[in-house]
**Student:** 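I have a structure here, written as structure tokens, and I will follow up with some questions on it.
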Amino acid sequence: MNNELLEKYAEVLLETCLKIETGQPLFISCDIERMDFVRILSKIAYNLGVKDIYYDLHDPYLKHEALKNLEIEELKKLTFWNKEIWNIYAKKNAAFLMLTSNTPGLMKDIAKEKITAMTKYAFETRKEFEKYRDKSSLAWCIAAVPTEAWAKELYKNDNNALDKLWNNIFDICSLKEEDPVKIWNEKINKLKIRAKKLTDYQFKTLFYKSSNGTNFKIDLPDKHIWQSGSERIANSKDCLVNFPTEEVFTSPDCFSANGVVYSSKPLTYNDIIIDKFKITFENGKVIEASAKVGEETLNSMINICKNSNMLGEVALVPFDSPISNCNQVFLETLYDENAACHLALGDSFTECIENGPSIPKEELFNNYNLNNSDSHVDFMIGTSDLNITGITKDQKEIPIFINGNFTEEFN
């Protein structure tokens, strides 16, 4: 693998996405297989003046064996799920870099009840981290790093699968270009302009319809704000929290969803694949969910914790976008959600309401109907013929998407 491109990737993550500062602690979460990349990150971080790096390393195969052989109380002792260290580094104002990768299908033989319990426990043990993030106090970024298992799942007949996946990531992230930082600054600026146009309309309702059966309405709260992948944090830095990103998003009125949505891409949840599914909502809550693949996991995901059966995000991504145009399902939510319009079950975003980060989550739930949950799971519904109409408070209908892409007004 091209070491120069790996170094460029690391530099962009630390300097452009996290905007790491001299002396600021750095928290890196990563699959242990990618220690080669973590070493590159560390070298660059030290050169930037970082003195304190914590490595939250995990091995999906060790996690699998633990789930097979240990009971829940024994599992809670392991750092795979006990995330209290996240709270400690949040209080130290660390920058958090979450390097994600999947091992699709690995957990299919594990009891769903056990996976559900441990997923919930992981959220519960890092609640202080979540509070700091909700207040926009932390620099954080989610990015992907390939592993052999993930690459071979995508490119089964390719002897150079890992290199191919790395190269796809480099291309999508514009790292082979002369000045990727300039490219991303221009992209983020465009997304911010789009988000402002949507915010200015203050739509009351969004209506989704496509030929696969999606027929769905959801309301947006008063004073909602559409955001891009760039988040302004407390020290006035603009951090790129997803890399790459193509979306604009907001948080809906969680009691308002009505209708049915059909998935347009598979979802990998805890290394289990859910595919060809539909979800029906009534007055905000899921009343029915079915899938041709992974139905049991889908339903356990929907009911994993309080309010996980209601929506916390609506996100718009054009069908004609760089990741979508790869014609590759990545089986990794970070990439697949930036290739298609998506929704998210579970927690909402405080930054999607005016002055939201300074308002307690319970108040946002009670006064604005922003969902408050210990879970947040994105799933993709965007298609080449998806139409989305925004309905204003005075009942004007404004086309936002026609045939899978933004109308000229929002383009």
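Quantities reported herein were computed from a predicted structural model and do not represent experimental measurements.
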**Student:** Could you list the donor-acceptor pairs under 3.5 angstrom formed between side-chain atoms of residues 220-229 and any protein atom two or more places apart in sequence or on another chain?
**Tutor:**
unit_1 : atom_1 : unit_2 : atom_2 : d
Asp222 : OD1    : Lys393 : NZ     : 3.3
His224 : ND1    : Pro221 : O      : 2.7
Gln227 : NE2    : Glu351 : O      : 2.6
Ser228 : OG     : Ser230 : N      : 3.3

**Student:** Has the side chain of Asn87 got a donor or acceptor atom that lies under 3.5 Å from a matching backbone atom of Thr125?
**Tutor:** yes
**Student:** With sequence neighbours excluded, tell me which residues meet ring pair (Phe, Tyr, Trp, His ring centres under 6.0 Å) with Phe401.
**Tutor:** Phe406
**Student:** With a 4.0 Å cut-off, would you call Asp171 and Lys176 a salt bridge?
**Tutor:** yes
**Student:** Under a plain distance cut-off of 3.5 Å, with no hydrogens placed, do Glu362 and Asn366 share a side-chain donor-acceptor pair?
**Tutor:** no
**Student:** Would a line drawn from the ring center of Tyr132 to the ring center of Tyr89 be shorter than 6.0 Å?
**Tutor:** no
**Student:** For residues 101-108, which side-chain donor-acceptor pairs fall under 3.5 Å, sequence neighbours excluded?
**Tutor:**
unit_1 : atom_1 : unit_2 : atom_2 : d
Asn102 : ND2    : Leu331 : O      : 2.7
Asn102 : ND2    : Glu332 : OE1    : 2.9

**Student:** Ring pair (Phe, Tyr, Trp, His ring centres under 6.0 Å) with Phe330: which of Tyr335, Trp150, Tyr155?
**Tutor:** Tyr335
**Student:** Please evaluate residues Phe27 and Trp140 with respect to the criterion ring-ring contact (aromatic ring centres under 6.0 Å, His included), reporting the C-alpha separation (whole Å), side-chain torsions for both, the decisive distance (0.1 Å), and the verdict.
**Tutor:** CA-CA 9 Å; Phe27 188 103; Trp140 61 281; over 10 Å; no
**Student:** Pairs under 3.5 angstrom only: tabulate donor-acceptor contacts from the side chains of residues 41-48 to other protein residues two or more places apart or in another chain.
**Tutor:**
unit_1 : atom_1 : unit_2 : atom_2 : d
Ser42  : OG     : Val38  : O      : 2.8
Ser42  : OG     : Tyr55  : OH     : 2.8
Asn47  : ND2    : Lys43  : O      : 3.3

**Student:** Can you list the residues that meet the ring pair (Phe, Tyr, Trp, His ring centres under 6.0 Å) rule with Phe129, with sequence neighbours excluded?
**Tutor:** Trp86, Phe96
**Student:** Is it true that Asp134 and Lys361 have a side-chain N and a carboxylate O under 4.0 angstrom from each other?
**Tutor:** yes
**Student:** Does a side chain donor of either Ser211 or Asp385 reach within less than 3.5 Å of an acceptor in the other side chain?
**Tutor:** yes
**Student:** I'd like to know if Lys156 and Asp158 make a salt bridge, using a cut-off of under 4.0 Å between side-chain N and carboxylate O.
**Tutor:** no
**Student:** Specify whether Tyr201 and Phe410 have parallel, tilted or perpendicular ring planes, treating 30° as the upper limit for parallel and 60° as the lower limit for perpendicular.
**Tutor:** tilted
**Student:** So, Lys76 and Glu73, do they make that salt bridge, N to O below 4.0 Å?
**Tutor:** yes
**Student:** Return the set of residues passing side-chain contact (heavy atoms from CB on, under 4.5 Å) with Ile402 (not counting sequence neighbours), or none when no residue passes.
**Tutor:** Asn387, Pro399, Thr407
**Student:** As a quick check of understanding, evaluate salt bridge (charged side-chain N to carboxylate O under 4.0 Å, His left out) for Glu128 and Lys131, giving each step before the final call.
**Tutor:** CA-CA 5 Å; Glu128 287 298 312; Lys131 286 180 183 178; 3.7 Å; yes
**Student:** Indicate yes or no: does Asp52 engage Lys92 in a salt bridge with an N to O separation below 4.0 Å.
**Tutor:** yes
**Student:** Assess whether ring-ring contact (aromatic ring centres under 6.0 Å, His included) is satisfied between Phe216 and Phe281, documenting all intermediate values.
**Tutor:** CA-CA 8 Å; Phe216 171 76; Phe281 294 86; 5.7 Å; yes
**Student:** So, does Asn242 use its side chain to make a donor-acceptor pair with the main chain of Thr245 at under 3.5 Å?
**Tutor:** no
**Student:** Would you mind checking if Arg126 and Glu130 are paired as a salt bridge, meaning a charged N to carboxylate O distance below 4.0 Å?
**Tutor:** yes
**Student:** Surrounding NZ of Lys192 (heavy atoms of other residues, nucleotides or ligands, distance under 6.0 Å), is the total greater than 12?
**Tutor:** yes
**Student:** Considering only NZ, NE, NH1 and NH2 on the basic side and carboxylate oxygens on the acidic side, decide whether Glu337 and Lys265 come within less than 4.0 Å.
**Tutor:** no
**Student:** Does this structure show an ion pair linking Lys63 with Asp271, if we count only N-O contacts that are shorter than 4.0 Å?
**Tutor:** no
